[in-house]
Number of protein chains: 2
Amino acid sequence: MAVRDPAMTDVARLAGVSHQTVSRVLNGHPNVREQTRLRVQAAIAELGYRPNRAARALVTGRSQVIGVVAQNTTLYGPASLLAALEQTAAESGFAVSVGSVRDLDHRSISAVVERHLAHRVAGIVVIAPVESAGEALERLPKDVPLVTVDGDPHRPMPLVTVDQAAGARAATQHLLDAGHRTVWHVSGPSDWFDSAGRIEGWREALTSAGAEIPPLVPADWSAAAGYRCGQMLARMPDVTAVFTANDHLALGVLRALHEHGRRVPDDISVVGFDDVPEAAYFIPPLTTVRPDFGAVARASLEMLLTQIESVSGGALRRTIAPTLVARRSVAPPPRR
Amino acid sequence: MAVRDPAMTDVARLAGVSHQTVSRVLNGHPNVREQTRLRVQAAIAELGYRPNRAARALVTGRSQVIGVVAQNTTLYGPASLLAALEQTAAESGFAVSVGSVRDLDHRSISAVVERHLAHRVAGIVVIAPVESAGEALERLPKDVPLVTVDGDPHRPMPLVTVDQAAGARAATQHLLDAGHRTVWHVSGPSDWFDSAGRIEGWREALTSAGAEIPPLVPADWSAAAGYRCGQMLARMPDVTAVFTANDHLALGVLRALHEHGRRVPDDISVVGFDDVPEAAYFIPPLTTVRPDFGAVARASLEMLLTQIESVSGGALRRTIAPTLVARRSVAPPPRR
DNA sequence: TCGCTGCCTGTTAGCGGTCACACTCGGATT
DNA sequence: AATCCGAGTGTGACCGCTAACAGGCAGCGA
């Protein structure tokens, strides 16, 4: 308890070298004699020496930590992204510090960013899927490496994003291909870029197929909202295909349809988005669109690291294409 | 870019005081004249000064960071816990650094713990729900504040845990109260303490009710496993009540029963565990047991902070009682 | 008048690393 | 033989902060 952990000088003394040589060994500096290196390593092992990252951070001005700003890390998407980010960062020797935020407004975001900056993080990843985050981000200090994920496509910031429109197009097209006249869309909250992108893709697919564009059914991300919308859709006999902005919405829709005696996929086909692990066990198994969170995490980190290493340069934008996962919730429309 | 951020001495110079006085103001030291305090605060604001946590960590030997060791932060339970932990920590001025680990074996755990120790974290929270983590934990350095969550109840370590047995008892009793002769149990993986606790509670409830104890149906946490077990249960005409170790398993069971034409709750009642947000929108809405992740997080942090502040003392164990959430998946058994 | 006590403030010495530089020394070059 | 070179190592000065101690200066009792 009372004994402080060993420092570099302790290792140096034991190995009979200077602290600087220990530092060189630790950092893989080339000009160290093999024999010396071994002596130092032995001393390190013997003392159980562990370099103090705080000291290192102090002198270099940057710690080997990446700060993340996220909103609701309980949702499947953000949670997966966070996990992937942590995994990827660890592989490059970085730790990840999360800062959750209740609302993505200017005050909350900059408070968390401030906290990260106080720790002298090497870079910051902001998962900023809504409108209100945008303005906050522009006022942030410009001299810290920063990448936004799922942020505003129209803002000139380094951005990694899932190609929402492409996913939505694929989902819609899949339904059209099955023979449906048109496809209804239950969308996510209007201030999310994800929602906007999916709406856009859905419209595009319908337009280019020359299909009629039904009115949008707005919702949030919850199963509850899906249920409410589903109750409405169930009453409309001409609805044969529904694309929901995520799987939870689809779950709510499925139950509403079930309660109204409308069979899926015989009477109505449903496609979701996200491919949550349980989607394959919905009733019926849900056809959905799977974003590649691992790829998003890798791209984000890559962009961040290039910013960290060189002052400028690197791509400003990376888009990750999602894939359609076909299951049993889609079938041709019923014959009249 | 080239200008380094302002340090304490810069603030001191601008305010016409010594850096030590700035430090006193920052740390709320009492003996500072009001007028001086204001001058310093003005200087801080003017320069946009931000204290360097790394420097502070270096001199105090501890950073205001709490390290978390977790396994699969994509699952609903761990994700919720992590989010709650982060929230609670932030309120006490601590940042949270996550270290995910693929397997909870000795090597993986101590690697992550080492990483945290290198950062001189103030304390560590280990979410260690499986057997294999136990031995790893005992070999860890004893001088760092550490709390385990959902860990081994039989090991003498500071532990916060959900009262799995109580939850399982409540679920089972609820089914018995509805009139069922006995209750079947689809359990989680056998090396998880959560599983063990739930099995125990289930057995207790049956025993004290004098009910027959059916064979255990072992599974993992996935909907897929639930589906497989459900297919089996669906073929057994005398099964009228099933308690699954989590909601995802229940989802799989529900689908299997549905496919076999067995109605829930008319033919078979089902109860889950976790109360995932979508549980209310399963077909039918799922009766389940809700653990209070917020309470777990608060208890963990409280225990950790007492360890951090005083060398010894504080409770070694805190148990959080879950609550039963009744929905529509439970009904009396069908008449013969 | 002289201490003695609190308040308020400044001075100095680290914390444990990295960086820039200086030094030694054997071998190759001139 | 004198010079240069580069590989290997050591020295000292910081990085930005806190802790410990050392004053200065008012008020107060002796």
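So you know, we letter chains A, B, ... as the sequences are listed, proteins then strands, and number each from 1.
Listed by residue number, Tyr49(B), Pro51(B), Asn52(B) are the residues of residues 41-53 of chain B with a heavy-atom contact under 4.0 Å to DNA chain D. The stretch residues 110-122 of chain A has no heavy atom under 4.0 Å from DNA chain D, so no residue of it qualifies as close. Residues from residues 16-32 of chain A placing a heavy atom under 4.0 Å of any atom in DNA chain C, listed by number, are His19(A), Gln20(A), Ser23(A), Asn27(A). Less than 4.0 Å separates DNA chain C from at least one heavy atom of each of the following residues of residues 6-13 of chain A: Ala7(A), Met8(A).
Taking the side chain as every heavy atom from C-beta outward, Ile320(A) and Thr161(A) never approach each other to under 4.5 Å. At least one side-chain heavy atom of His106(B) sits less than 4.5 Å from a side-chain heavy atom of Ser110(B).
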Identify all side-chain donor-acceptor contacts of residues 120-130 of chain A below 3.5 Å with residues at least two apart in sequence or on another chain.
from, atom 1, to, atom 2, distance (Å)
Arg120(A), NH1, Leu117(A), O, 2.9
Arg120(A), NH2, Arg50(B), O, 3.4

Please list every donor-acceptor pair under 3.5 Å in which a side-chain atom of residues 71-86 of chain B meets a protein atom from a residue at least two apart or in another chain.
from, atom 1, to, atom 2, distance (Å)
Gln71(B), NE2, Arg102(B), O, 3.2
Asn72(B), OD1, Thr74(B), N, 3.1
Asn72(B), OD1, Thr74(B), OG1, 3.4
Ser80(B), OG, Tyr76(B), O, 2.8
Glu86(B), OE1, Ser100(A), N, 3.2
Glu86(B), OE1, Ser100(A), OG, 3.3
Glu86(B), OE2, Ser100(A), N, 3.2
Glu86(B), OE2, Arg115(A), NH2, 3.4

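Judged purely by atom type and a 3.5 angstrom limit, Asp103(B) has no side-chain atom pairing as donor or acceptor with the backbone of Asp105(B). The backbone N or O of Ala111(A) sits nowhere less than 3.5 Å from a side-chain atom of His116(A) that would complete a donor-acceptor pair. Remark: side-chain polar atoms of Ser132(A) are paired, donor with acceptor, to backbone N or O of Leu104(A) under 3.5 angstrom.
Toward the 5' end of DNA chain D, the nearer of the two residues Val59(A) and Arg37(A), judged by each one's closest nucleotide, is Arg37(A). Comparing Arg33(A) and Ala55(A) by the nucleotide of DNA chain D whose heavy atom lies nearest to each, the residue mapping closer to the 5' end is Arg33(A).
For Arg13(A), the salt bridge (Lys or Arg N to Asp or Glu O under 4.0 Å) partners are Asp10(A), not counting sequence neighbours. Checked against salt bridge (Lys or Arg N to Asp or Glu O under 4.0 Å), Asp150(B) has no partners two or more places apart in sequence or in another chain.
Over its length, the helix from dT1(C)-dA30(D) to dT30(C)-dA1(D) turns its helix axis by 60°, as judged from the five terminal pairs at each end, rounded to 10°.
The footprint of chain A on DNA chain C, defined by a heavy-atom cutoff below 4.0 Å, extends from dG16(C) to dA20(C). Nucleotides of DNA chain D lying under 4.0 Å from heavy atoms of chain A occupy a range whose first and last members, 5' to 3', are dA7(D) to dG16(D).
For residues 52-63 of chain B, the pairs satisfying side chain to side chain donor-acceptor pair (under 3.5 Å) are Asn27(B)-Arg56(B), with sequence neighbours left out.
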